[in-house]
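The structure's right below; bear with me while I get my questions together.
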Amino acid sequence: MRKRLSMLCLLKISLSEIKKTMLKFDNVTKRYPETGDVLRNISFHLRHGEIAFLTGHSGAGKSTLLKLIAVMERCSRGIILLDGENLSGAKEYQIPFLRRKMGFIYQDYKLLQDRTVFDNVALPLVIAGFGHQEITRRVRAALDKVGLSGKEKKYPMALSGGEQQRVGIARAVVNKPPIIIADEPTGNLDPELAADIMRLFESFQQVGVTVLIASHDISLIAQMNHRVLKLDHGQLVSG
Amino acid sequence: MKRINRRHQTQEVKQPRYAKPARQDAQRTTTAGGNFVDKLKAYRDLHAHALFSSLGRLVASPFNSVMTIAVLSIAISLASGFYLVLANLQQLTENLETSAQISLFLKDEVSETHAKQLADSIRQNPGIQSVKLITKEQALAEFKTYSGFGSAITVLKTNPLPIVIQVLPKDTLEDTRGLEDLLQSFQQSVEVDSAQLDMKWVERLQSIMAVSQCAATLLNLMLGFAVLFIAGNTIRLELQSRHEEVVIAKLVGATRAFIQRPFLYTGFWIGFISGVVAWFIVTVMMLILRQPVENLSGLYGGNFHLLFFGFGETLELIAISSALGVLGSWAVLMYQLQHTKPA
Ligand SMILES: Nc1ncnc2c1ncn2[C@@H]1O[C@H](COP(=O)(O)OP(=O)(O)O)[C@@H](O)[C@H]1O
Ligand SMILES: [Mg+2]
């Protein structure tokens, strides 16, 4: 009887644990036919509102791990949960709706060069079917947050690297996703701008957003004093 | 209103509610301002935007668009041109059908007075509606004016043309058996060299028409497929040149439907514009043909008028070409987007 009760308690705890977990990797392996196991038995989780770095040498598998979260690639084994929803087993028609819950930021910004800053940032909202007024309001707010208000009508080409990355960040947060994922967001920026961008991510974390940043910039990571997940040849060695 | 807005914004920045999952967030907006009607409006705007931006894109790369539309409108005008020519020929054979007339070519030695007597005697037959005698001179004169060989014929010493008696049977004789019997009796008379039922010629023409109609249907089917493939290929190239845009849209949560929409509208515009251009091409061709055809029609003493596209046919033409444009694009998108990474 007592044993039963304690089991129930355990179950309850683990349920609430799942509830608090934003992102969970459970024994995830990714194998490419050409290169073999790129990620091996990865297990970790991020709680709601947590900020963490994903680090490791070039080719360690950081980008691959993030691609699994974006469902750009499917894992070969294991389970990935995002806010309790199964990413690894998602059906194709579900993928767009799962992606709307994440804000992705890339090293090469991935902006549409023939669209204005406003249109670039508005894209996720247009896709999600928001009305015109709501879009305008939210895009303004997002650009304001990244310090780019007044540049709505400019084209990405006319902006500096740091500014373009801010446009990318504004686009990632405009839909108010509960998690932001960045792949080498400061890779193309000088240290000062990189520190600025990092502070921006911290400010998102402070309002409750979960943040995962892949970076091989060890000195920058050391400055920040946050949780670090370290990959080495496809295996998680710390975190 | 202003106050509400400000409250909204502070809440956004300061409160940890920001961390709420996206779906709940969208719901909150729904109750706050964006109701169902707003969503519907946004959806309509999306379509309107796709409709006009795809047209804008076509205009922005005029060389490619002009090439595609030129090829498509030539294919479509070939198909619709055939259709129209056949419709005209159909009308011609329908006119001919009403005159099941027998021509009696008399032997050379038969004199004109004898021929007149023969014509009169035929006229007595109760099954005959009218009889017309064409003398050698009349035949020659007619031939001179209409054939264009006028000067060549004056060179001839003797008139090579026979006397012809044209017999128009009464409608009661329209059935083939009666006509055949009549023809038999004419053929047996001594003055007649040969008797020809023009009906035979009409029948032959009609069966030729049936064959050409069948051939034209097949041809139009092929041209339809050509249009489908050309439109599809254009969309494939367009998709290739906008690959990055497609990938980015996918990464920020675009559904297949959202990505397809502008391309489908591009397909629609290509088909629509090509249909309109094809209509103009065929109409201009018919205008050019009108005078010669009317001359030809005069030659046969017919009251033949060239048929152009009617209102319904014009709509049909444009609807079919637009549909083919959309269909070709849709088929390519189905295939290509299935094979575009990421999913
Ligand atoms: N699409 C792919 N097909 C095959 N191998 C790949 C593919 N993408 C990445 N890899 C391999 O996976 C390993 C990890 O790559 P990546 O995740 O990009 O590393 P990182 O981002 O840490 O530098 C590399 O050895 C790379 O060659
Ligand atoms: Mg990488």
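Throughout, a chain's letter reflects where its sequence line sits, starting with A, and its residues are numbered from 1. The analysis underlying the following values was restricted to heavy atoms, covering all of them including side chains, and did not include hydrogens, waters or symmetry mates.
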Given that the side chain runs from C-beta out, which part of A:L98 has a heavy atom under 4.5 Å from chain B: side chain, backbone, both or neither?
neither
Would you compute the distance between atom CD of A:Q133 and atom NZ of B:K41 and round it to the nearest 0.5 angstrom?
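Answer rounded to 0.5 Å: 8.5 Å.
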Walk me through whether A:R171 and B:I248 qualify under side-chain contact (heavy atoms from CB on, under 4.5 Å).
CA-CA 11 Å; A:R171 183 183 63 190; B:I248 290 174; 3.5 Å; yes
Is there side-chain contact between B:T255 and A:R100, with at least one heavy-atom pair below 4.5 Å?
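The answer is yes, as the side chains (C-beta and beyond) meet within the 4.5 Å cut-off.
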More than 12 foreign heavy atoms under 6.0 Å from OH of B:Y83: is that the case here?
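Result for OH/B:Y83: open.
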Residue among A:Q113, A:K67, A:M72, A:M102 with most heavy-atom pairs under 4.5 Å to chain B:
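Of A:Q113, A:K67, A:M72, A:M102, A:M72 has the most heavy-atom pairs under 4.5 Å with chain B.
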I need the residue from A:P124, A:A128, A:A70, A:G103 with the largest number of non-hydrogen atom pairs under 4.5 Å to chain B.
A:P124
Does any heavy atom of chain B fall under 4.5 Å from the side chain of A:R74, the backbone, both, or neither of them?
neither
Any idea which heavy atoms bring B:A42 and A:G129 closest together, and the distance?
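So the two residues come closest at CB-O, 3.5 Å.
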What part of A:Y106 gets within 4.5 angstrom of chain B, counting heavy atoms only: side chain, backbone, both, or neither?
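Contact with chain B is through the side chain of A:Y106 alone.
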Take a 6.0 Å sphere around CZ of B:R236 and say whether it holds more than 12 heavy atoms from other residues, nucleotides or ligands.
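More than 12 within 6.0 Å, yes.
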Answer yes or no: does atom OH of A:Y32 have more than 12 heavy-atom neighbours from other residues, nucleotides or ligands under 6.0 Å?
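Count over threshold, so yes.
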Go through the atoms of B:Y43 and report whether side chain, backbone, both or neither lie under 4.5 Å from a heavy atom of chain A.
neither
So which part of A:E73 gets closer than 4.5 Å to some heavy atom of chain B, the side chain, the backbone, both or neither?
side chain
Which heavy atom in B:K250 sits nearest to a heavy atom in A:R99, and how many Å separate them?
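So the two residues come closest at O-NH1, 3.1 Å.
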For a quick test of reading the model, state the closest non-hydrogen atom pair linking B:A249 to A:L123 and the distance between them.
CA-CD2, 4.3 Å
I need the B:D45 CG to A:H132 NE2 distance, nearest 0.5 Å.
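It comes to 8.0 Å.
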Rounded distance [0.5 Å steps], CD1 in A:I95 versus CZ in B:R256:
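These two atoms lie 10.5 Å from each other.
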Could you grab the distance from atom CD1 of A:I127 to atom CG of B:L251, nearest 0.5 Å is fine?
9.5 Å
Bottom line for A:A172: the part with an atom under 4.5 Å from chain B's heavy atoms is neither
Does anything in residues 271-279 of chain B reach chain A? List residues with heavy atoms under 4.5 Å apart, or say none.
none
Using a 6.0 Å cut-off, check whether atom CZ of B:F82 has over 12 heavy atoms from anything other than its own residue.
no
